[in-house]
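The figures here come from the full heavy-atom set of this structure, side chains too, leaving out hydrogens, waters and symmetry mates.
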Amino acid sequence: MLSQFMVLFGFFALVLVSIFWINKAVRMFDRLIADGQPAWVFLEFTALTLPGVIGIVLPIAAFAGAVYVTNRLSTESELTVMQATGYSPYRLIRPVVVFGIIVAAMMSILTHFLIPSSLSQLERRQAEISQNITAKLLTAGEFLHPAPGITFYIRNITPVGELQNVFLSDRRDRDNPVTYTSSTAYLVQQDGGTKLVMVKGLAQTHNRENNRLFTTHFDDFSYDISTLVVSDSTGTTEVAFAKTSDLLLKPGEIAEQSGVGLGAVAYEAHSRFAQVLMCIVAATIGFATLLLGNYSRFGVWRQVIVAFLLLVSIKLVEGAASGPVLKNASLWPLMYVPAAVGSILSLILLYISANPGFTRMFTRRQSAGDAP
């Protein structure tokens, strides 16, 4: 049974990771290529997102593998034969628990080491790309739109970094759009930002209210283009990058460095352990639910639906428990309530399957003429 669980788990994990990863990679491809980044940057970014995708998929794959294998054993009467030879539900679930522990060990490596490291590296690389003005703006012969309402064009870039025939249209102020043109321009780093210094140019301001055009000739003009570079942040904070040991032993220091509350630190730390436990719960819930009822040639589709609904209910409990923890760090034990609820449900289901009197709700009702 354990070998079958691992084989089907690997299959479902591979399929689900491929779907999630390709979906994320397509969106990242559009953004990076539009910003002028080479293909190797795209490959690097998609590789860094892979641990996070695997972390999302593992509990789902564990549940799907447990349900599929148990359903096949039931359909082929192997489960019925094992039960007839005296194997109790508590004995049958042992390989499922071992299977869940193996998946939990994989999840533990991901949540405590690989995912924080990959997120940290991804955030660092995205910051570097966002600050790379050359990749975003210095593309000769193309009209670029680095920000809403901005159009930027350079005819040519000399080997010494001189920009020739520059066109910059700023339409962020709809009532007074401005167009800058110059024969020569340079990029200058100043006060932590990047300035576009245009030489011998013309500024044209169109006043839409009275439909008048104002022109200004200048010898040199400085334009701050740092605000035109939009940062592609992952949307995560430094809490997600911290080591688990630091989250547990230095919560105040991590909260101060990240600019978040102690609740967010406690949530991040204990959610990593809770996700590990959920791998075991997902596998045992799927198996224990399918033990209910007797053999039927129509399959165990009702039990499959019940197992799915139970897993969804546990996830709802998980969502409800996260809110109080984020507000009050002292409520961190609530993060383990979903795993506790799942374990209790698994034990209840095993007890029901071990006592045939409780399984009547899953089997055909006795007819009126049958003996009680």
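Side chain of Thr75 to main chain of Asn71: a donor-acceptor pair is present (N/O by atom type, distance under 3.5 Å, no hydrogens or angles). Remark: side-chain polar atoms of Ser353 are paired, donor with acceptor, to backbone N or O of Leu350 under 3.5 angstrom. Formation of a donor-acceptor pair under 3.5 Å by the Thr284 side chain with backbone atoms of Val281 is found in this model. No donor-acceptor pair closer than 3.5 Å links the side chain of Gln164 to the backbone N or O of Asn156. Side-chain atoms of Trp21 come within 3.5 Å of backbone N or O of Thr46 as a donor-acceptor pair. Under the 3.5 Å distance criterion, the side-chain polar atoms of Ser18 are matched with a main-chain donor or acceptor of Leu14.
Looking at heavy atoms from C-beta onward, Val199 lies out of side-chain contact with Ser183 at the 4.5 angstrom threshold. Annotation: side chain of Arg208 is in contact with side chain of Pro177 (closest heavy-atom distance under 4.5 Å). Residues Ser120 and Arg124 are in side-chain contact: their nearest non-hydrogen atoms beyond the backbone lie under 4.5 Å apart. With contacts defined as side-chain heavy-atom distances shorter than 4.5 Å, the pair Leu248/His270 qualifies. When side chains are defined from C-beta on, Gln4 counts as touching Leu73, because their heavy atoms get closer than 4.5 Å. When side chains are defined from C-beta on, Met106 does not count as touching Cys279, because their heavy atoms never get closer than 4.5 Å. The side-chain heavy atoms of Met1 and Val69, taken from C-beta on, include no pair separated by under 4.5 Å. At a threshold of 4.5 Å between non-hydrogen side-chain atoms, the residues Lys243 and Lys250 do not count as touching.
Other residues, nucleotides and ligands contribute at most 12 non-hydrogen atoms within 6.0 Å of the CZ atom of Phe113. The number of heavy-atom neighbours closer than 6.0 Å to CZ of Phe167, taken from other residues, nucleotides and ligands shown, is above 12. More than 12 non-hydrogen atoms from other residues, nucleotides or ligands lie less than 6.0 angstrom from CZ of Phe214. In the displayed structure, Glu256 atom CD is contacted under 6.0 Å by at most 12 heavy atoms of other residues, nucleotides or ligands. Annotation for Phe11: atom CZ does not count as buried by contact number, only 12 or fewer foreign heavy atoms lying within 6.0 Å.
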Go through the steps for Ile285 and Thr289 under the test side chain to side chain contact (heavy atoms under 4.5 Å, CB included), then give the verdict. CA-CA 6 Å; Ile285 282 287; Thr289 307; 4.2 Å; yes
For Phe221 and Thr216, what are the C-alpha separation, side-chain angles and deciding distance, and is it a side chain to side chain contact (heavy atoms under 4.5 Å, CB included)? CA-CA 11 Å; Phe221 179 79; Thr216 303; over 6 Å; no
Check the pair Thr184, Lys200 against side chain to side chain contact (heavy atoms under 4.5 Å, CB included), reporting the backbone distance first and the verdict last. CA-CA 7 Å; Thr184 307; Lys200 295 180 181 180; over 6 Å; no
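Aromatic ring orientation, Phe12 versus Tyr68: perpendicular (interplanar angle above 60°, classes split at 30° and 60°). Taking the six-membered ring where the residue is Trp, Phe287 and Phe5 present perpendicular rings, their angle passing 60° and hence far from 30°. Ring planes of Tyr336 and Trp332: perpendicular class, angle over 60° (limits at 30 and 60°).
A side-chain N or O of Glu162 and one of Tyr186 form a donor-acceptor pair less than 3.5 Å apart.
The distance from the CG atom of Asn165 to the CD1 atom of Ile157 is 12.0 Å, given to the nearest 0.5 Å. The distance from the CG atom of Leu247 to the NE2 atom of His112 is 10.0 Å, given to the nearest 0.5 Å. Here the straight-line distance linking atom CD1 of Ile254 with atom CG of Asp246 works out to 5.0 Å at 0.5 Å rounding. Here OH of Tyr90 is found 7.5 Å from OH of Tyr351. Values are rounded to the nearest 0.5 Å.
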